[in-house]
Amino acid sequence: MDNKPANNFLYNIVAEDLAAGRVNQVVTRFPPEPNGYLHVGHAKSICLNFGLAEAFGGECNLRFDDTNPEKESPEYVASIEEDVRWLGYQWAGEVRYASNYFQQFYDWAVHLVEQGDAYVCDLNAEQAREYRGTLTEPGKNSPYRERDVAENLDLLARMKAGEFEEGSRVLRARIDMASPNMNLRDPILYRIRKVAHHQTGSEWCIYPTYDFAHGQEDAIEGITHSICTLEFEDHRPLYDWLIEHLPVPSRPRQYEFGRLNLNYTVTSKRKLKQLVDEGVVAGWDDPRMPTISGMRRRGFTPRAIRKFCEMIGVTRSDGVVDVAMLEHAIRDDLNENAPRAMCVLRPLKVVLTDYPADQVEQLAAPAHPSREDLGERALPFGRELYIDAEDFREEANKKFKRLVLGKRVRLRNAYVIEADEVVKDADGNVVEVRAHTIPGTLGNDPEDGVKPKGVIQWVSAAGGRQATVRLYDRLFTHESPDKGDNDFMTLVNPDSLQVVAGAWIEPGLAAAKPEQNFQFEREGYFVADRREHSEAAPVFNMTIGLRDTWNKG
RNA sequence: UGGGGUGUCGCCAAGCGGCAAGGCACCGGGUUUUGAUCCCGGCAUUCGCAGGUUCGAAUCCUGCCACCCCAGCCA
């Protein structure tokens, strides 16, 4: 893969900061909350944060922003670590957790109270909302805003000690209830949650909010460029306010970029979780999911995902990327690197009447048309074989470049054959084609000059194996499944999964290792299922079909 | 009607006062034992709109318009 650094506005900012000596080494972080599996949008953030550190010889931390125990779990922590590693990135040192710093945050909360910059507020959620005002009207000061330091300190300590009920009190910063920026209207710093935390157990019953945690985590870790998405832009003044009012060890800066939106796709942990919980898909790693683990199981490669992130760029404008770009990235990678093989999805038996019943030839074919380093594969060839039912017609016009009764076609990597007659069942369906080989056509055109118009894949009954092949289509039928009034759950594509139980695969394919990618010639790219494939019972998932300009329209 | 953002080809995206990169998609043509790949060619006299400054503007100024985000004790 090429290493030319992506040229985006953040890259330029880092370059300038380094050149101007504002920072000696760039330190970034990828800060997911472990409340779901990572998706393609996170891949963009991962590539950005790790990529920036990589490009400038800096470091990138993996930090779980685990400030809300109610939605988080160790399962998510484990999956996130696995996904980041799979994408090919290594975080600096140990994995970090916001929860590692809970004591420090608490001490800083006390510091704020002592400075008169924070207070304990007894308003409940509903009252707090009323006091907050609206977008166009200023808020009102809380009646508890002028409590003295001693009382605030006492109350805060008792909140921590578990003396108060959930929701009865919060710690708030004392900033400006009339600020046009809602985030500055005395934002909540701590709330009472009497639930166990996946990392700290029952040690705490008060938890810091995102705002009271994020900037301080960055400062503790010496993050120089704290990169987040656009919706946090309004939080930056608060981020800075906290950094300025606290004795933090460093001065991180926040920068925002536009999150990734993909058409025909939903990228929201909440919605993806709903698809999983309601059984629309088989799990977070269902190959139809835009999760990193789903794409992995679908057959995407880390290289393709990174290439895709490079292609889409990083800006502050929010657009919707055409999923065709993602598809291009994976096709491009697999075309270059995936070994070729033959698979017949809708088997139609062909009997070569001139070929001896007891004869089986061992043919050899290159694993890749241009990558000689990928070697060769063995293809047994015998009297009975299977071709795709769609590759045969009793009659057809000249645009049909496959097998037609009385005409010739080339069997890929083997002989040219000519169809003589068909055998039909009681319903008139063609169940067998009887044909003969054209002598001397292994590696050569027919001597009589009658060249076949097309080439089709095939699998010999002798040596061939059967397999389960899963064909996928987009999960949603609508371009913007979750935009506006659309209810994404009603826009799920009922035909997003098609299971082909009796496909025929060439012999070598059964021995494929899980997660090995192939191109099934003339069909598309497929991968041996990571979890269910075995030599005894082969299972392949379609990653993406080949471009098809013939079937178009 | 408050605040913060964004508007360059169907989509993504360079460009930062000197006369519109690139990718995806699409449309032609060539090669081909994958209707794939590959190759060649086409694809914005125009940069949300309207004024202004300038020899010269997508790039500067002014005013509009459109869209996105913010009223969780979510992140």
Side-chain angles (χ1 to χ4, degrees), chain A residues 7-8 31-33 35 65-68 70-71 121 123-125 128-130 132-139 166-172 178-185 187-193 206-207 209-211 213-214 228-237 256 258 260 263 269-270 310-329 331-332 335-336 340 342 365 369-370 399-402 409-416 441-445 451-457 519-525 545-552:
Chain A
N7 173 246
N8 58 59
E33 182 191 13
N35 66 344
D65 218 353
D66 55 350
T67 56
N68 184 9
E70 291 178 306
K71 294 182 177 174
C121 180
L123 256 25
N124 63 34
R129 192 182 324 122
E130 286 164 11
R132 192 153 35 228
T134 68
L135 294 177
T136 53
E137 302 158 25
E166 281 189 12
S168 64
R169 286 184 166 81
V170 294
L171 180 73
R172 304 176 69 173
S179 173
N181 181 341
M182 301 296 286
N183 296 119
L184 263 21
R185 319 246 265 225
I188 290 167
L189 270 23
Y190 264 105
R191 63 305 205 175
I192 300 169
R193 281 289 173 282
I206 58 173
Y207 292 96
T209 55
Y210 164 85
D211 287 312
H214 210 92
C228 61
T229 43
L230 253 22
E231 66 269 28
F232 290 101
E233 191 157 18
D234 289 342
H235 291 247
R236 197 171 63 220
E256 310 84 22
L260 169 68
N263 60 13
K269 278 194 224 169
R270 198 208 102 223
E310 200 177 283
M311 277 196 294
I312 59 177
V314 179
T315 68
R316 289 176 58 85
S317 62
D318 46 14
V320 181
V321 173
D322 192 336
V323 72
M325 260 207 245
L326 216 209
E327 297 175 344
H328 173 265
R331 280 198 189 99
D332 201 37
N335 174 54
E336 179 74 26
R340 290 338 60 151
M342 291 193 285
S370 57
K399 291 185 70 177
F400 187 75
K401 308 203 304 184
R402 312 174 191 183
V409 78
R410 163 134 246 148
L411 294 180
R412 175 75 166 156
N413 295 125
Y415 299 91
V416 170
T441 52
L442 197 58
N444 301 301
D445 284 334
K451 292 175 64 173
K453 282 188 303 185
V455 182
I456 63 174
Q457 74 273 26
Q519 181 198 102
F520 287 174
E521 290 189 290
R522 299 211 315 133
E523 291 289 356
Y525 297 96
L546 247 30
R547 240 177 114 245
D548 187 351
T549 49
W550 188 66
N551 272 334
K552 230 160 213 155

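The sequence lines fix the lettering, A, B, ..., with proteins before strands; numbering per chain opens at 1.
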Can you find a side chain N or O atom of [X] that sits less than 4.0 Å from OP1 or OP2 on [N]?
X: Arg340(A); N: rU34(B); answer: no
X: Arg522(A); N: rA36(B); answer: no
X: Thr67(A); N: rA75(B); answer: yes
X: Arg193(A); N: rC74(B); answer: yes
X: Ser317(A); N: rA13(B); answer: yes
X: Arg236(A); N: rG3(B); answer: no
X: Arg129(A); N: rG72(B); answer: yes
X: Arg132(A); N: rG72(B); answer: yes
X: Arg191(A); N: rC74(B); answer: yes

Under 3.5 Å for both donor-acceptor distances, Watson-Crick or wobble: does [N] have a partner, and if so which one?
N: rC64(B); result: rG48(B)
N: rU37(B); result: none
N: rG2(B); result: rC70(B)
N: rA20(B); result: none
N: rU54(B); result: none

Take the protein atom [atom1] of [X] and the nucleotide atom [atom2] of [N], then report the distance between them rounded to whole Å.
X: Arg331(A); N: rG23(B); atom1: CZ; atom2: P; answer: 18 Å
X: Lys453(A); N: rG35(B); atom1: NZ; atom2: P; answer: 13 Å
X: Asn35(A); N: rG72(B); atom1: CG; atom2: C1'; answer: 14 Å
X: Leu326(A); N: rG23(B); atom1: CG; atom2: P; answer: 19 Å
X: Ile312(A); N: rA25(B); atom1: CD1; atom2: C1'; answer: 16 Å
X: Asn183(A); N: rG72(B); atom1: CG; atom2: C1'; answer: 11 Å
X: Tyr207(A); N: rC73(B); atom1: OH; atom2: P; answer: 18 Å
X: Arg316(A); N: rU6(B); atom1: CZ; atom2: C1'; answer: 9 Å

Quick check for you: among [options], whose closest atom lies nearest to any side-chain atom of [X]?
X: Asn335(A); options: rU37(B), rC73(B), rG23(B); value: rU37(B)
X: Glu33(A); options: rG15(B), rC74(B), rC24(B); value: rC74(B)
X: Asp318(A); options: rA75(B), rG35(B), rC68(B); value: rC68(B)
X: Asp234(A); options: rG4(B), rC38(B), rA75(B); value: rG4(B)
X: Met182(A); options: rG5(B), rC70(B), rC73(B); value: rC70(B)
X: Glu231(A); options: rC73(B), rG72(B), rA75(B); value: rA75(B)
X: His235(A); options: rC12(B), rG2(B), rA75(B); value: rA75(B)
X: Ile188(A); options: rU34(B), rG2(B), rC73(B); value: rC73(B)

Base, sugar-phosphate, or nothing: which does [X] touch, judged by heavy atoms less than 4.0 Å apart?
X: Gln519(A); value: base
X: Thr315(A); value: sugar-phosphate
X: Val416(A); value: nothing
X: Met311(A); value: sugar-phosphate
X: Gly167(A); value: base
X: Asn68(A); value: sugar-phosphate
X: Lys269(A); value: nothing

Q) With centres under 5.5 Å and planes under 30° as the test, does Trp550(A) stack with rG35(B)? A) yes

Q) Which value, rounded to the nearest 0.5 Å, describes the distance between Arg331(A) atom CZ and Leu326(A) atom CG? A) 10.5 Å

Q. Taking atom CG of Leu411(A) and atom CD of Gln457(A), what is their separation to the nearest 0.5 Å?
A. 10.0 Å

Taking atom [atom1] in both [N] and [M], compute the distance separating them and give it to the nearest angstrom.
N: rU59(B); M: rU6(B); atom1: P; result: 16 Å
N: rC49(B); M: rU8(B); atom1: C1'; result: 14 Å
N: rG52(B); M: rC16(B); atom1: P; result: 25 Å
N: rG4(B); M: rC12(B); atom1: P; result: 25 Å

Q: Give me the ring orientation class for Phe400(A) and Trp550(A): parallel if the planes are under 30° apart, tilted from 30 to 60°, perpendicular past 60°.
A: tilted

Q: Output yes when Glu33(A) and Lys269(A) qualify as a salt bridge under the 4.0 Å nitrogen-oxygen rule, no when they do not.
A: no

Q. So, the side chain of Asn181(A) versus the backbone of Asp234(A): is there a donor-acceptor pair under 3.5 Å, distance only?
A. yes

**Q.** Residue mapping more 5' on RNA chain B - nearest nucleotide basis, His214(A) or Leu135(A)
**A.** Leu135(A)

